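Reading through the structure tokens given below for one structure.
Computed from a prediction, not measured in an experiment: that's the story for all the values here.
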Amino acid sequence: MLHINEEVSRCLLCADAPCGKKAARAIRALRFENLWTARELFAEMNDAEIAAAENACIHYDKPIRVAELKKCLCSGNEATCAPSGEAGLPSLELNFCDMVCENPFFLASSAICTNYEMVAHALEAGWAGVFYKTICKQDIREVSPRFDAVRKEGTPFVGFRNMEQLSENPYDVDFDILHRLKVNYPGKRIIASIMGQTEEEWVELAKMAEAAGCDAVELNFSCPQMRLTGLGSDIGQNNELILFYTSFVSEAVKIPVIPKMTPNVMGLTKPALSCFFGGAHGISAINTIKSITMSDGAEVSGKKTVSGYSGKAVKPIALRMIYEMTGNPILHKAGIEKHMDISGIGGIETWRDALEFIQLGCRNVQVCTAVMQYGYRIIDDLKLGLQHYMQERGITELKKLVGEELKNIVLPSDLDRDTMVFPKIDRVKCIGCGRCYISCADGGHQAIEFGEDRKPRIVGTKCVGCHLCRLVCPTGAIGQANRMQKRS
């Protein structure tokens, strides 16, 4: 039996894939959890097209088994495989800081949006807007190399470290770029990210953003690798400075002001209050986490330094910090949710990732590391995956998903500790590798037996329902049984 995720993860996601546009698009849809579109595309492919795709595959080991992928996806599922097209799918339109956005997906201020051509390409691909790379009046001098990655068991990198600073363009050039983008793409949302060294500089840059026609201005209080002190995350770690600079900018311009917060603090409750009392219209969170990687390939003339960490690995941290703002009773009492919208950032690769941020109260999400890894093209599956999910649930407006999971986040003391869920083994899917047995024996409760038949068996008297076995199973053969009362 073919394991779909394992097979799809082997695909190199080639540029101008020789296997053909339809096969490449179907596999990419699977890779980014857009099952509906993948099924439709595979259903459209006949045997000759599939054979041609496999023959053209340039994988360094063995071709991707396209025929097997179709068989697994569509066998017995003809109804779900029937092409439905994009007509009739729900709208992804959402209001953010009083801006109507065609969808919630924006480019995050970073290396993925540093010139006109890059941003134009992304907007034409379907991104709703951009937080342009931070503009400043400083002399930006970057290091080389400035990227590193954390990998696990041959997977694409799960964590990404960067020492990238701000835009290297002259600031007047960047504002001209933003002006041209707004003129040529009036339906898109163009947001300038800025960083000043004094209150006068913050105000000057914000006014230039407004004059350029930008829809909003983001205040970078969070970059963790600035060459000079008193900038970036040095501001985001000081609540008085957050209030001070936010107030100055908010009073100087009429467009929405959106501070970008650092995760390198104990929590975001007090910084969020500073933004609120400073007159901010929204908050971007989170920027990268301060980190060190020890790879020789990322040394700069033999030296290493502290810099920012992003990618899939930081998503749970980002979600926790979003919840500190959207689910905090102190902030609700102050009425923040009525006056400030949240733009979620941190480890967003798929539509499911974006959905989690939206369900915790975000009205906008920003993507960076996933674009650096896979390109602007992921917007197709971000949008379609979310639209199909809404359609399945019968939801016609994206705003109905905003904050819907907040009611299900509780304190550890409020969790149900009187019931448990046993793991359940699917004997058909199980291949007898014994990974569950090893993990339970050495890292769990010794509640799995593994006999000569190479089939694991749950020992009910020892199992505590921790589900470590389910998480390590490489084939998805371990699921969940019904919840039941714990034994006395």
- Message: For T134, is there any backbone N or O sitting under 3.5 Å from a side-chain donor or acceptor partner on S109?
- Response: yes
- Query: Can we say E33 and R352 salt-bridge, meaning some charged N sits less than 4.0 Å from an Asp/Glu carboxylate O?
  - Reply: yes
- Message: I need the full list of ring-ring contact (aromatic ring centres under 6.0 Å, His included) pairs touching residues 394-419, with sequence neighbours left out, sorted by first then second residue.
- Response: none
- Message: Given 3.5 Å as the limit, does a donor-acceptor pair link the side chain of R363 with the main chain of N95, or not?
- Response: yes
- Message: Tell me whether D98 at atom CG has more than 12 heavy atoms from other residues, nucleotides or ligands lying less than 6.0 Å away.
- Response: no
- Message: With a 4.0 Å cut-off on N to O distance, would you call E7 and R10 a salt bridge?
- Response: yes
- Just wondering, do R393 and K400 contact through their side chains at under 4.5 Å, heavy atoms? no
- Message: I'd like to know if R320 pairs up with E324 as an ion pair, taking the criterion as any Lys NZ or Arg NE/NH1/NH2 lying under 4.0 Å from an Asp or Glu carboxylate oxygen.
- Response: yes
- Query: How many angstroms lie between CD1 in I358 and CG in L92, if you round to the nearest 0.5 Å?
  - Reply: 8.0 Å
- Is atom CD of E240 surrounded by more than 12 heavy atoms (other residues, nucleotides or ligands) closer than 6.0 Å? no
- Can any side-chain N or O of D341 pair as donor or acceptor with the backbone N or O of C97 at less than 3.5 Å? yes
- Query: Below 4.5 Å, heavy atoms only, C-beta onward: do R28 and L13 meet side chain to side chain?
  - Reply: yes
- Would you call K133-D174 a salt bridge at under 4.0 Å N-O? no
- Item | CG-CH2 distance between L384 and W36, expressed to the nearest 0.5 angstrom | 10.0 Å
- Item | Salt bridge flag under 4.0 Å for residues D381 and R25 | yes
- Message: Using 0.5 Å steps for rounding, measure from the CD1 atom of I258 to the CZ atom of F131.
- Response: 4.5 Å
- Query: What distance separates I235 CD1 from M261 CE, expressed to the nearest 0.5 Å?
  - Reply: 10.0 Å
- Do I27 and L30 touch side chain to side chain, with heavy atoms closer than 4.5 Å? no
- Are Y185 and E124 close enough that a side-chain donor and a side-chain acceptor fall under 3.5 Å? yes
- State whether the side chain of Q237 and the backbone N or O of V265 hold a donor-acceptor pair below 3.5 Å, judged by distance alone. no
- Message: Would you compute the distance between atom CD1 of I194 and atom CG of N220 and round it to the nearest 0.5 angstrom?
- Response: 9.5 Å
- Task: Report, as yes or no, whether the 6.0 Å neighbourhood of atom CD on Q480 holds more than 12 heavy atoms from other residues, nucleotides or ligands.
- Result: yes
- Query: How many angstroms lie between CZ in F106 and OG in S343, if you round to the nearest 0.5 Å?
  - Reply: 7.5 Å
- Side chains of T369 and F157: does their closest heavy-atom pair fall under 4.5 Å? yes
- Measure from the ring center of W202 to the ring center of Y245 and say whether it is less than 6.0 Å. yes
- Note on the structure: Between I191 and M99 the two heavy atoms that sit nearest each other are CD1-CE, 4.0 Å
- Are F357 and I345 close enough that some pair of their side-chain heavy atoms sits under 4.5 Å apart? no
- Query: Can you name the side chain to side chain contact (heavy atoms under 4.5 Å, CB included) partners of M372, sequence neighbours left out?
  - Reply: A111, I112, F147, F160, C368
- Message: A cation-pi test, strictly: NZ or CZ of R189 under 6.0 Å from the centre of the six-membered ring of F96 and no more than 45 degrees from its axis. Yes or no?
- Response: no
- Message: Strictly distance-based, threshold 3.5 Å: is any side-chain N or O of T246 a donor or acceptor partner for the main-chain N or O of L243?
- Response: no
- State, with a plain yes or no, whether a side-chain heavy atom of L123 is found less than 4.5 Å away from one of N184. no
- Query: With a 4.5 Å heavy-atom cut-off, do W127 and K188 have their side chains touching?
  - Reply: no
- Item | Side chain proximity check, R417 to P412, heavy atoms < 4.5 angstrom | yes
- Return yes when atom NE2 of H179 has more than 12 non-hydrogen atoms of other residues, nucleotides or ligands closer than 6.0 Å, and no otherwise. no
